[in-house]
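Here the structure is laid out as structure tokens; the discussion comes afterwards.
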Amino acid sequence: MDWSDPKARLSLIEEVGPEKFGALLRAHEEACVVDTVNGYRIRTTETRFGTLYTLEGTRAAYASLARARDEAMVLPHQA
């Protein structure tokens with residue numbers, strides 16, 4: 001499954017329904033977590049720009065894992 005492809009996501013939701021789709025999406029997101037820093041889960045996201053590292057709970061994404069870790073450290077601690 002190519003989660004970065006909107007058509008593939010639409011096809012999947014039509015095939016399995018919204019409840020199952022939600023469960024599959026959550027499992028995919030959990031599998032993409034590469035680290036947790038200062039309470040922020042960092043996960044990979046595939047984009048047209050390549051792999052980005054997103055800080056869950058923010059609207060931020062970074063080109064390197066090191067930068068994502070650094071930025072997570074300066075944010076208020078997330079429980």
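Starting from 1, each residue takes its place in the sequence as its number. Computed from heavy atoms alone, side chains included, the values below leave out hydrogens, waters and symmetry copies.
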Report yes if some heavy atom in the side chain of [X] is under 4.5 Å from a heavy atom in the side chain of [Y]; otherwise report no.
{"X": "T44", "Y": "L52", "value": "no"}
{"X": "Y40", "Y": "L75", "value": "yes"}
{"X": "N38", "Y": "Q78", "value": "no"}
{"X": "T51", "Y": "T45", "value": "no"}
{"X": "Y53", "Y": "R43", "value": "no"}
{"X": "D70", "Y": "V74", "value": "no"}

Please, which pairs that meet salt bridge (charged side-chain N to carboxylate O under 4.0 Å, His left out) have at least one residue in residues 6-18, sequence neighbours excluded?
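As it turns out, there is no salt bridge (charged side-chain N to carboxylate O under 4.0 Å, His left out) pair with a partner in residues 6-18 once direct neighbours are skipped.
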
Is there a path of hydrophobic side-chain contacts, each under 4.5 Å between heavy atoms, that joins V33 and I42?
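Cluster IDs for V33 and I42 differ.
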
Hydrophobic cluster identity match, L25 and V34, side-chain contacts under 4.5 Å
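No, separate clusters.
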
Could you work out, with salt bridge (charged side-chain N to carboxylate O under 4.0 Å, His left out) as the rule, every residue matching R69, not counting sequence neighbours?
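R69 satisfies salt bridge (charged side-chain N to carboxylate O under 4.0 Å, His left out) with D35 only.
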
Checking T47 side chain against G50 main chain: does a donor-acceptor pair fall under 3.5 Å?
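Side chain of T47 to backbone of G50, a donor-acceptor pair under 3.5 Å: yes, one is there.
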
Look at the side chain of T54 and the backbone N and O of E56, then say whether any donor-acceptor pair between them is shorter than 3.5 Å.
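It does not hold such a pair.
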
Any side-chain donor near an acceptor of the partner, E46 and S4, under 3.5 Å
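The answer is no; no qualifying pair exists.
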
Give, for atom CG of L55 and atom OG1 of T36, the distance between the pair rounded to the nearest 0.5 Å.
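The CG atom of L55 sits 10.5 Å away from the OG1 atom of T36.
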
Return the orientation label for the F21 and W3 ring planes: parallel under 30°, perpendicular over 60°, tilted otherwise.
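If you compare the ring of F21 with that of W3, the planes turn out tilted.
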
Determine the minimum heavy-atom distance between I13 and P18, stating which atoms define it.
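The answer is CG1-CA, 4.0 Å.
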
Is a salt bridge present between E30 and R26, judged by a nitrogen-to-oxygen distance below 4.0 Å?
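No, this pair does not count.
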
